[in-house]
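Working notes, beginning with the structure itself.
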Number of protein chains: 2
Amino acid sequence: MSPLSSGLLGDLDPTSDRAVFRQIADQLREAIDRGRFREGEKLPSEADLVDHFGVSRMTVRNAFSILQGEGLVHAEHGRGVFVRPRPPVRRLASDRFARRHREQGKSAFIVEADAAGSHPQVDSLEVKEEKASQDISTRLGSVRRVLARRRRYLLDGKPVEFATSYLPLDIARGTPIAEPNPGPGGIYARLEELGHHLDHFEEEIRARMPSPAEVKTLRLAAGVPVIHLIRTAFDTEGRAVEVCDTVMAADAYVLSYQLPAT
Amino acid sequence: MSPLSSGLLGDLDPTSDRAVFRQIADQLREAIDRGRFREGEKLPSEADLVDHFGVSRMTVRNAFSILQGEGLVHAEHGRGVFVRPRPPVRRLASDRFARRHREQGKSAFIVEADAAGSHPQVDSLEVKEEKASQDISTRLGSVRRVLARRRRYLLDGKPVEFATSYLPLDIARGTPIAEPNPGPGGIYARLEELGHHLDHFEEEIRARMPSPAEVKTLRLAAGVPVIHLIRTAFDTEGRAVEVCDTVMAADAYVLSYQLPAT
DNA sequence: CACGCTTACTCGTATAGACGAGTGGGCGAG
DNA sequence: CTCGCCCACTCGTCTATACGAGTAAGCGTG
């Protein structure tokens with residue numbers, strides 16, 4: 001089709017010791033950065049680049065695989081290679097667990113997404129008792145078994161987050177917390193009703209590449225890391241009453257925190 | 001050398017529709033997860049795997065490139081492919097900017113690293129006035145030019161973080177803040193001495209794959225994302241007095257925050 | 001013993017070719 | 001006009017081969 005209109009890409013430098021496939025990747029990256037290819041736009045096909053640069057197809061594929069690893073482009077079988085569009089980001093503010101947000105009937109996720117004009121969904125609901133992992137047990141203060149609440153969050157059909165809450169059985173068993181739908185205000189509202197007054201949360205944040213399982217659940221494109229957030233909720237007596245383990249598609253989130261300067 | 005002692009890896013499933021190179025990657029990943037190969041240990045060479053599985057070399061390389069993208073392994077030219085060791089992580093607590101940490105003479109980074117028994121270093125120091133980017137200008141409240149302080153942090157010789165602080169010229173020019181070494185307690189101590197009493201910080205956190213430049217400065221292995229943190233410091237009058245833009249090797253950090261439940 | 005060369009092994013780069021499979025447009029039959 | 005098939009184009013997978021270049025150990029020479 002398009003024999004790659006000249007001017008968009010330059011030539012190779014045979015004197016350079018930079019590998020050919022890197023030079024090609026560099027040129028494509030620069031063209032994308034300069035906006036010569038826009039978000040979602042199709043890049044020249046492998047065959048086009050083979051012709052343009054006079055290299056073999058594997059060399060071109062090698063170049064593309066670099067850009068994929070950087071999260072810049074994604075390939076679609078039978079269609080082409082495209083500049084990866086940036087999804088709308090969800091901003092998580094540090095006051096998102098303030099009591100005042102807990103008053104309404106709907107979950108924070110739903111309310112916020114509706115406000116932002118996107119279509120929120122929660123699925124993969126699973127609530128069950130299970131053995132606590134070593135890590136969870138330590139965080140909750142040496143409990144053996146826990147109530148686990150798993151759910152996946154989607155925005156406009158795209159999975160963005162997968163979370164599991166763990167609670168000690170002596171707190172959660174037989175309460176609305178053990179129900180699939182814990183009611184208005186979520187489990188934090190229920191915890192307070194049960195007399196566990198929340199004092200503060202602790203959040204630990206890591207970033208890493210996703211496991212194959214995470215790629216699947218979050219439908220992640222190549223080159224998209226995940227943010228791994230582990231939140232522990234403490235009551236006014238200093239007891240850890242809940243641990244929430246969350247894996248988020250990193251391209252869909254900005255976390256925001258407010259720190260006192262004291 | 002080692003004809004790949006049988007038992008470590010299994011066979012391919014020719015009936016599976018899973019691509020051969022994925023099956024090989026799966027087997028290696030599982031072996032690593034199960035601890036059959038330890039951190040830093042050498043994996044079977046490409047030639048070994050070619051023999052073992054009876055496939056071509058490109059297929060094996062393809063499998064390795066998957067694992068590299070996941071950050072599980074890294075290849076060393078002429079030596080082999082190794083299970084990527086997890087570097088020691090630096091924990092950033094949310095009280096790290098508390099005034100009480102600002103009293104001593106040394107920077108927080110140095111003190112903390114010394115305490116952890118590692119050898120800290122700061123280099124690439126650059127302090128200069130420059131034009132503010134659109135983003136920085138917005139965050140600082142429409143300033144044109146800023147004082148930029150750039151520096152790179154290393155632990156035991158490994159770069160872990162690259163940070164740039166931006167300050168409005170009317171605050172920083174002609175003060176110790178414009179000096180390469182701003183003195184004990186760092187620029188936050190100087191800001192307070194200059195009458196800009198700090199009230200709170202705001203931190204924005206993103207995770208993404210590094211740019212080629214970031215790979216270079218932080219000497220990042222393949223499959224290691226970066227954490228991008230943008231901190232704004234506000235004084236008691238609500239003015240943004242500093243913006244600090246930090247890019248961290250994600251495998252070297254855990255961020256930790258404390259949130260009130262109010 | 002010390003140094004340098006050789007050599008075997010490792011991954012890096014690149015070519016050429018083959019077939020498979022998903023996509024989408026166009027063309028022809030009804 | 002509509003539907004379905006075909007075909008061209010696209011990326012996915014795999015083979016076979018070749019040479020380059022970094023590493024480390026061993027061997028031989030001085």
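Heavy atoms only: backbone and side chains are in, while hydrogens, waters and symmetry mates are out. The sequence lines fix the lettering, A, B, ..., with proteins before strands; numbering per chain opens at 1.
- Residue B/S56 places no side-chain N or O under 4.0 Å from the OP1 or OP2 atom of D/dT17.
- Annotation: side chain to side chain donor-acceptor pair (under 3.5 Å) contacts of B/Y153 (sequence neighbours excluded): B/R151.
- Atoms CG (B/D48) and P (C/dA8) sit 17 Å apart, rounded to a whole Å.
- Checking the phosphate oxygens (OP1, OP2) of D/dG12, a side-chain nitrogen or oxygen of A/R61 falls inside 4.0 Å.
- Dashed line: the shortest gap from a side-chain N or O of A/T59 to OP1 or OP2 of C/dT13 is not under 4.0 Å.
- Each of B/R219, B/R84, B/R90 was scored for a salt bridge (Lys or Arg N to Asp or Glu O under 4.0 Å) with B/D251, with one residue passing: B/R84.
- The CD1-P distance, from A/I66 to C/dG12, rounds to 12 Å in whole Å.
- Within a 6.0 Å sphere centred on CG of B/D13, other residues, nucleotides and ligands contribute more than 12 heavy atoms.
- In this structure, B/S45 does not reach the C/dC9 phosphate: none of its side-chain N or O atoms is under 4.0 Å from OP1 or OP2.
- The neighbour count for B/D11 CG, taken as heavy atoms of other residues, nucleotides or ligands under 6.0 Å away, does not exceed 12.
- Fit an axis to the five pairs at each end of the helix from C/dC1-D/dG30 to C/dG30-D/dC1 and the two axes sit 10° apart, to the nearest 10 degrees.
- For B/H77, the side-chain atoms get nearest to D/dG22 when compared with the rest of D/dG22, C/dG22, C/dT13.
- In terms of position along DNA chain D, the nucleotide closest to A/G78 lies nearer the 5' end than the nucleotide closest to the other residue of the pair B/V55 and A/G78.
- Within 4.0 Å (heavy atoms only), B/R22 reaches sugar-phosphate atoms of the nucleic acid but no base atom.
- Nearer to the 5' terminus of DNA chain C, by closest-nucleotide assignment, is the contact made by A/M58 (compared with the other of A/R79 and A/M58).
- The local environment of NZ in B/K216 is sparse, with at most 12 non-hydrogen atoms from other residues, nucleotides or ligands closer than 6.0 Å.
- Relative to the side chain of A/A47, the nucleotides C/dC11, D/dT10, C/dA18 differ in distance, and D/dT10 lies closest.
- Within the model, atoms CD1 of A/I227 and OG1 of A/T246 stand 11.0 Å from one another, a figure rounded to the nearest 0.5 Å.
- Within 4.0 Å (heavy atoms only), B/F21 reaches sugar-phosphate atoms of the nucleic acid but no base atom.
- A straight line from CG of B/L43 to P of C/dT10 spans 13 Å, rounded to a whole angstrom.
- B/E30 places no side-chain N or O within donor-acceptor distance of the main-chain N or O of B/Q27, the cut-off being under 3.5 Å.
- Surrounding NZ of A/K131 are at most 12 heavy atoms belonging to other residues, nucleotides or ligands under 6.0 Å away.
- Note: CD (B/E46) to P (D/dA16) measures 16 Å, nearest angstrom.
- Distance CZ (B/F82) to C1' (D/dG22): 12 Å, rounded to an integer number of Å.
- What separates CZ of B/F53 from P of D/dA16 is a distance of 17 Å, to the nearest Å.
- When the P atom of C/dG12 is taken as reference, atom CZ of B/R57 falls 8 Å away, rounded to whole Å.
- C/dG12 atom P lies 15 Å from atom CZ of A/R18, rounded to whole Å.
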